Every structure is written in C-alpha cells, then in structure tokens.
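Report on one structure; see the data block that follows.
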Amino acid sequence: MAKDAFDRRAFLKGAAASAAAVIGTQLAASSAPAAQTESQGAATNEAAQPRDRIILRPGSDFMVDVIKATGIDYIASNPGSSFRSLHESIVNYGGNKKPEFLTCMHEESSVAMAHGYAKAAGKPMGVLAHGTVGLQHAAMAVYNAWCDRVPVMIFAGNFLDADKRRPGVEWYHCVQDPALILRDFTKWDDQPVSLQHFAESVMRAYKMALTPPMGPVVITVDGDLAEETAHDEKKLRMPKLTRTIPPQGDSGALAEAAKMLVAAERPVILADRVARSQDGMKQLVELAEALNAPVADIGGRMNMPTNHYLCRSGDRRALVGGADAILMLEVADPWGQLFTISDPHHEYRRFAKPDAKLIHISLGDTLTKSNYQDAQRFLPVDLAISGDAQASLPALTEAVKSAVGLTRRATLADRGGKLRDDYKRMKERARQTATLGWDAMPVSTARLSATLWNTIKNEKWCMAVSGMQWNRTLWPATEYYNFIGGSGGAGVGYGAPAAVGAALANRDKGIITISFEGDGDLMYAPGVLWTAAHHKIPLLMVMHNNRAYHQEVMHLQKMAALHNRRMDQASIGTTIENPNIDFAKLAQSMGVYSEGPITNPSAVGSALSKALAVVKRGEPALVDVVCQGR
Ligand SMILES: Cc1ncc(C[n+]2csc(CCOP(=O)(O)OP(=O)(O)O)c2C)c(N)n1
Ligand SMILES: [Mg+2]
C-alpha cells in the first residue's frame with residue numbers, strides 16, 4: 001500500500017515536469033505554500049514537501065476502500081477543496097475505476113444524473129458535493145429524488161474543526177451540520193468523526209437508501225479525517241453490506257383484500273411506484289389476469305406492458321368512476337385518483353363512487369417528514385396495508401386465486417371479451433387523437449413521438465425522460481427498462497441530467513436511451529451536455545423545443561381569463577424567444593453531435609436516424625425539433 005502511494009506521487013512529479021498540456025504546466029509552475037486560498041488552486045509542488053510531511057496512507061484512501069465495498073460504480077461531482085483528498089484518492093489510489101469520477105458542471109446535475117441512473121441501474125450512484133455551496137446547489141435535485149423515492153448516496157465535503165480551517169473561502173464553505181440543508185428531504189444522514197465511524201455509516205446509509213421506501217442519504221466526508229494519515233488501520237473493520245428484504249403486507253390483510261376484489265363487479269388496479277424489475281411487472285400481470293381487472297399505470301415506474309389488454313392507463317378516470325373496488329399499489333397521490341379540483345376555482349368533485357371499496361398497499365406511512373407536502377391530501381381507505389407493493393403481489397395473487405370459486409371464475413372470465421374491446425377502443429382513440437395536426441409546422445408532439453418510435457422500434461430502448469403522454473399511449477412497451485417514471489417532485493431541471501444518468505446505466509446493457517428535452521428544462525444546466533460528451537455517454541436527445549416555459553404560458557392565460565383581461569401578454573416572462581436559442585449550436589459547442597432547428601415534420605425522421613447512428617457508436621446526439629405547445 002505504502003509503496004503504491006509513493007509510486008503514484010513519483011509518477012505525478014514526472015508527469016508535471018514533462019506535460020505540455022496547460023494543466024501540467026500549472027502543476028509544474030506552482031510552488032504555493034501549504035496555506036493557500038481556494039482561488040490560488042490546490043496545485044502543490046510536491047518536491048517542496050519535506051519527506052516526513054508526506055502522508056502515504058491518507059484516511060481518504062480507506063474511504064475509497066469503503067466506497068468500493070458498497071459496489072458504487074460512479075461518483076458524480078463538481079470538484080471542491082472540501083473533498084480534495086477523497087477526490088485525489090479516487091483518481092490515484094482507486095485508479096478512477098469503481099468508482100469513476102464523473103465531471104459535472106452543477107451539483108443539481110450530479111444529483112439528477114444519480115437519480116436517473118438509480119432507476120435505470122437498480123443501484124445508487126455516489127455524488128460528491130462541496131460543503132455549503134455544493135449542497136445548496138444540489139438541494140432541488142435531492143428533493144426530486146426524495147419525492148420519487150429513489151436512492152442517491154450523497155457525500156458532502158466539510159471541515160468541522162475550526163482550528164484547522166484555512167481562512168477565507170474555507171469558512172464560507174464549511175458548516176456545523178452539513179446535512180441540515182437537506183434533512184427535510186433525505187432519509188438519513190451522519191457526520192462520521194473517525195474512519196471506523198465512516199465505514200459503518202456508509203454501509204448503514206447504503207442499506208437504508210435501498211430499503212423501500214428508498215431515498216437519498218447524506219454522509220459527510222470530514223476534510224481533516226480524509227487528509228490525515230489513517231491511524232491504526234489494522235484495527236479498522238470493513239462492515240459487511242447487507243440489503244434489507246422488502247416487507248410483504250400482512251397475509252390476513254391480503255386475504256381480506258383478495259375477497260373484496262374477487263367480490264367486486266368492476267375492480268380496478270392503480271399502479272404507481274410498484275415494479276422494481278421485470279419480475280415485478282410479471283407479478284402485476286399475474287394479479288390482473290387472476291382478477292381479470294384493468295390496470296391503470298400511473299407511471300411512477302414501468303408497471304404494466306402497454307400492449308396487454310388489461311393495461312388501460314388512458315382510461316384511468318373512466319375506470320375509477322365506474323369502479324366498485326379500487327386497489328392502489330404504492331400510489332403517491334391516492335386522493336388525486338378519486339377527486340378532481342377545478343382550476344382556477346378550486347372546486348372539489350369526487351368522481352369515484354362514494355361506496356367504492358378502497359385498498360392501498362403502501363409503505364408511504366413509514367417514511368414521512370412534516371414540512372414538505374409530498375404526502376398529498378389525506379384519503380381515508382377501507383383497507384390500508386403496510387407493505388412493499390411488489391413484495392406483496394405474489395401473496396395477493398395466491399389469495400385471489402383461492403378466493404375465486406368455480407362460479408366466480410366463470411364470471412371473471414366472462415369479463416374478458418368486453419375488456420379486450422375496451423382496450424382496442426382506447427388504442428384507436430389514442431391513434432385518432434394523434435393524427436390531429438399531423439402535418440402542422442412547427443411539429444405536433446404526437447407526430448414527433450410517432451416518428452421517434454419509427455426510428456427506435458427495432459432497438460432495445462429506454463425512454464428516460466418525457467413530458468408528453470404520447471409515448472406511453474402509442475408505443476408498445478413490454479420491458480421494465482422501457483420507461484423509468486418522472487422526476488417525482490416536478491422540479492424543472494431534472495430531465496436532461498436524469499436522461500444522461502439513465503443512459504450511463506444503460507450503456508453497457510446495449511439499451512438505447514432516448515429523451516424528450518424541454519427547452520426550459522435543458523437551460524437550467526446545459527453543461528450536462530458536455531458531461532455526456534466527455535464521458536462518452538450515448539443518449540439520443542430530442543429537443544421538444546416549444547420556445548417557452550409552455551406550462552406557464554397556459555397558467556398566465558388562465559389567470560388573464562379569470563381576471564377578464566387581455567391574453568396577449570401571457571408570453572411575457574414565459575416564452576423563450578427573441579432571440580431563439582440555437583440548441584444545435586449549444587450542443588455542438590460542447591462536443592455533442594446535433595442537428596436543427598427542424599420545423600418541418602417530414603424532415604424529422606432522417607435527422608433522428610442520423611443521430612441514432614451517432615448514439616450507436618457510443619456518443620450523445622441532439623436533434624432540435626421546434627414543436628407546438630406541449
Ligand atoms: C425549479 C422549478 N422552477 C419553476 C417551475 C415551474 N414550472 C413548471 S413547468 C415549467 C416550464 C418548463 O419548461 P419546459 O421544460 O420548456 O417545458 P414546457 O412547459 O415548455 O413543456 C416551469 C418553469 C418548476 N416546476 N420547477
Ligand atoms: Mg418548453
């Protein structure tokens with residue numbers, strides 16, 4: 001170990017002396033004293049270090065061992081001196097592999113990348129954030145991950161010991177309690193003060209982040225602990241990593257639910273954050289088939305194959321309106337499934353029948369915080385079962401099968417014909433609606449969706465991010481990786497980085513990742529384009545460029561109508577025109593292949609095919625399509 005550490009420093013000295021690149025020149029030229037300001041940079045002339053001051057085995061090397069032991073493959077980060085020692089250990093001691101450092105241009109991008117990655121990879125990514133400023137930038141993306149119940153391992157650099165902090169910047173960037181900034185919307189955090197403490201807390205954090213309901217966690221990396229020698233290393237123990245088995249709901253309660261569902265004439269299943277895998281989808285199909293009951297996939301995850309005759313997401317409201325029993329599976333907003341609220345007059349109306357039996361299988365109540373309102377409005381139900389929805393599906397299906405007697409089985413089977421007809425009608429209606437404005441310029445969103453489908457239909461595909469419903473209604477999607485759900489908290493700025501993160505996870509699985517990028521969304525932090533190009537992350541980005549924060553245009557119009565005032569001012573503060581953003585140039589400037597802006601729908605197909613060829617050779621590509629509305 002000691003030899004390795006010494007060798008890599010010798011290597012650095014050699015590299016600094018010979019490198020012609022700018023970075024090398026700077027390293028070689030620098031002879032800044034140890035106490036320097038952040039603006040002077042961290043480049044230290046190693047030759048000036050007396051030998052007895054060299055730290056051969058810093059604490060951060062052990063921290064890398066711990067991170068490696070969790071199996072985290074990537075650390076997304078914007079660099080910062082509060083974690084410079086861990087950064088150096090990752091790239092030198094750890095060889096920049098498992099974890100590999102991903103250079104991010106905004107902490108919000110780091111976290112949103114980790115968010116998209118976790119849903120596509122089924123495991124978390126690490127994020128390294130720089131003290132106060134890094135965590136503040138990360139906050140909104142952490143909130144999205146929290147609302148979406150997605151695990152992210154956040155490491156926060158900080159120097160706790162005021163006696164050691166360098167004057168100036170370091171004080172601004174340090175904090176007594178780093179995780180406080182995020183505590184209202186993270187699952188757990190800790191501030192380890194020893195390396196053993198670090199090892200145990202990282203393992204605990206990882207385990208908790210992945211125990212449903214999943215969520216982001218924060219571990220502080222103390223700068224002194226990281227930079228100083230790892231003392232008494234022989235005494236340090238690497239805790240074993242164990243995963244918690246998600247809890248199945250109570251068997252008696254599941255049997256009760258099964259009886260209610262079997263007895264119902266018009267049962268409906270609402271599935272939100274249910275499936276974690278292809279198996280989860282299969283289990284939901286088995287339940288739906290055992291009941292011969294339609295499923296509306298709310299879309300928090302990919303739950304139900306869209307080509308199954310029981311997948312009736314497009315008819316959700318009508319189904320709920322007619323249902324006499326509703327089974328909700330990890331539904332984020334149960335109240336919102338039964339009620340409408342008129343906008344802008346805020347009048348509530350229940351469209352579900354008053355006597356419909358309600359069952360909810362959820363772990364929602366086991367992870368709550370008070371301040372942020374992601375719990376949604378309270379909905380009393382007849383049977384609330386605390387349990388993981390996916391883990392409860394097999395037992396529920398068994399209970400349904402044993403509750404169905406011979407006569408009931410025949411009745412349930414009889415529903416099949418009508419359900420198949422209804423499914424065909426729903427599909428036909430979607431196809432009809434999609435043809436409206438087919439030839440319009442700028443391009444209609446339905447045509448864009450259909451054209452993209454033609455481009456990727458022979459690939460293994462993942463539509464990582466999309467604000468439009470067309471893909472779910474028009475595309476046959478049968479695989480768990482096809483859709484990964486939305487942002488959770490609807491914080492704009494999620495789309496582009498989440499798609500990049502998902503594309504990274506899909507890269508080695510031969511899955512082509514695509515995304516519809518909102519123009520407003522991408523402009524929050526377009527630097528993620530550079531990250532995708534730099535790390536060769538193949539992603540086909542299709543700009544849904546409506547030159548507006550279009551949702552907000554509609555809100556302004558609604559308010560003008562409410563106040564009986566002129567509509568034509570609704571574009572003020574809500575449109576992104578004059579000048580129009582040239583997204584193709586923006587992408588090119590960061591090394592991303594691009595084409596556009598395209599306004600003619602007949603030109604979209606060939607542009608997408610060219611972009612797909614780029615993606616298939618392992619690089620990102622962007623096609624800017626000027627679209628109508630949303
Ligand atoms: C961080 C954040 N700020 C503001 C909003 C309010 N908001 C909701 S939708 C939206 C417009 C997003 O624009 P774009 O990505 O272009 O999508 P479009 O509405 O045009 O389809 C905004 C600003 C938000 N949800 N999140
Ligand atoms: Mg827009």
Side-chain angles (χ1 to χ4, degrees), residues 106-113 115-116 135-148 181-182 184-185 299 332-333 343-344 372-374 376 437 440 442-449 452 463-472 485-500 514-529 539 541-559 570-584 586-587 596-599 622-630:
H106 196 302
E107 285 82 359
E108 196 171 292
S109 310
S110 310
V111 177
M113 274 170 63
H115 185 167
L135 291 172
Q136 288 173 70
H137 261 184
M140 190 218 70
V142 178
Y143 183 60
N144 272 339
W146 161 261
C147 293
D148 201 19
I181 299 167
L182 308 175
D184 264 344
F185 40 90
D333 177 13
D343 187 21
Y372 287 82
Q373 298 294 299
D374 60 308
Q376 301 286 336
V443 185
S444 83
T445 49
R447 176 132 182 210
L448 180 58
S449 171
L452 181 57
M463 169 48 88
V465 173
S466 169
M468 54 179 100
Q469 278 303 314
W470 292 117
N471 322 318
R472 277 186 173 270
S487 64
V492 179
Y494 160 89
V500 172
I514 42 190
S515 64
F516 278 123
E517 305 290 349
D519 48 341
D521 183 279
L522 179 62
M523 288 311 291
Y524 270 81
V528 76
L529 293 168
L539 167 66
M541 289 170 272
V542 184
M543 285 305 299
H544 167 205
N545 182 5
N546 51 20
R547 294 185 173 148
Y549 298 107
H550 201 270
Q551 182 173 303
E552 305 308 317
V553 176
M554 297 187 288
H555 278 301
L556 262 266
Q557 289 170 339
K558 199 173 266 181
M559 288 301 107
S571 60
I572 298 177
T574 58
T575 50
I576 314 176
E577 296 171 320
N578 189 23
N580 294 336
I581 295 168
D582 189 332
F583 286 98
L586 177 75
I598 299 173
T599 45
L622 180 147
V623 178
D624 180 13
V625 183
V626 183
C627 293
Q628 296 189 342
R630 297 192 96 214

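Atoms within each ligand, like the ligands themselves, are counted from 1 in listed order. Quantities reported herein were computed from a predicted structural model and do not represent experimental measurements. This chain uses plain numbering: 1 for the first residue, then up along the sequence.
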Legend entry - For N546, the ligand 1 atoms whose distance to one of its heavy atoms is below 4.0 Å: 18 (P), 20 (O), 21 (O)
Inset, instruction - Side-chain contact test, heavy atoms from C-beta onward, threshold under 4.5 Å: evaluate it for F185 versus M140 and give yes or no. - result: no
Inset, instruction - Could you tell me if any non-hydrogen atom of A548 lies under 4.0 Å from any atom of ligand 1? - result: yes
Inset, instruction - Tell me which protein heavy atom sits closest to atom 9 (S) of ligand 1, plus the residue, atom name and distance to 0.1 Å. - result: E552 OE2, 3.5 Å
Inset, instruction - Mark up the atoms of ligand 1 that fall under 4.0 Å of a heavy atom belonging to H550, in ascending order. - result: 18 (P), 19 (O), 20 (O)
Inset, instruction - Please find out if the Mg ion (ligand 2) and some N, O or S atom of D521 are separated by less than 2.8 Å. - result: no
Inset, instruction - Pull out every atom of ligand 1 sitting under 4.0 Å from any heavy atom of Q551, numbered as shown with elements. - result: 8 (C), 9 (S), 19 (O)
Inset, instruction - Without swapping roles, check the side chain of N545 against the backbone of V625 for a donor-acceptor pair under 3.5 Å. - result: no
Legend entry - Over all atoms of both residues, closest heavy-atom pair of F583 and L622: O-CD2, 3.9 Å
Inset, instruction - Under 4.0 Å from a heavy atom of G520: give me the atoms of ligand 1 that qualify, with their elements. - result: 13 (O), 14 (P), 15 (O), 16 (O)
Inset, instruction - Check whether any side-chain heavy atom of I581 lies under 4.5 Å from a side-chain heavy atom of I576, and answer yes or no. - result: yes
Inset, instruction - With side chain to side chain donor-acceptor pair (under 3.5 Å) as the test, would you mind laying out the steps for N144 and H115 before giving the verdict? - result: CA-CA 8 Å; N144 272 339; H115 185 167; 5.5 Å; no
Legend entry - Donor-acceptor contact below 3.5 Å, side chain D519 vs main chain A548: yes
Legend entry - Sidechain-backbone polar pair: Y494 side chain, G486 backbone, donor-acceptor under 3.5 Å: yes
Legend entry - Closest approach of any protein heavy atom to atom 17 (O) of ligand 1, naming residue and atom: R630 NH2, 4.4 Å
Legend entry - atom 16 (O) of ligand 1 - nearest protein heavy atom and its distance: D519 OD1, 2.6 Å
Legend entry - CA sep, side-chain torsions, deciding dist, call: L182, W146, side chain to side chain contact (heavy atoms under 4.5 Å, CB included): CA-CA 10 Å; L182 308 175; W146 161 261; over 6 Å; no
Legend entry - N, O or S atom of A548 closer to the Mg ion (ligand 2) than 2.8 Å: yes
Legend entry - Side-chain (N471) to main-chain (S449) donor-acceptor, under 3.5 angstrom: no
Inset, instruction - Indicate if the distance from the Mg ion (ligand 2) to the nearest N, O or S atom of N546 falls below 2.8 Å. - result: yes
Legend entry - Pairwise distance NE2(H106) to CE(M113) - rounded to 0.5 angstrom: 14.0 Å
Inset, instruction - May I ask you to list the atoms of ligand 1 that are less than 4.0 angstrom from any heavy atom of M140? - result: 1 (C)
Legend entry - Heavy-atom nearest neighbour in the protein, as seen from atom 15 (O) of ligand 1, with distance rounded to 0.1 Å: D521 N, 3.0 Å
Legend entry - Closest protein heavy atom (residue, atom, distance) for atom 12 (C) of ligand 1: Y549 CD2, 3.9 Å
Legend entry - Ligand-residue contact atoms, ligand 1 with G518, heavy atoms, under 4.0 Å: 15 (O), 16 (O)
Legend entry - Distance (rounded to the nearest 0.5 Å) between L452 CG and M463 CE: 5.0 Å
Inset, instruction - Would you check whether A490 reaches within less than 4.0 Å of ligand 1, judged by its heavy atoms? - result: yes
Inset, instruction - Please find the N/O/S atom of D519 nearest to the Mg ion (ligand 2) and write down its name. - result: OD1
Inset, instruction - Provide the number and element of each atom of ligand 1 under 4.0 Å from a heavy atom of Y524. - result: 1 (C), 2 (C), 3 (N), 4 (C)
Legend entry - Per-residue contact class, V492 against ligand 1 - non-hydrogen pairs under 4.0 Å: both
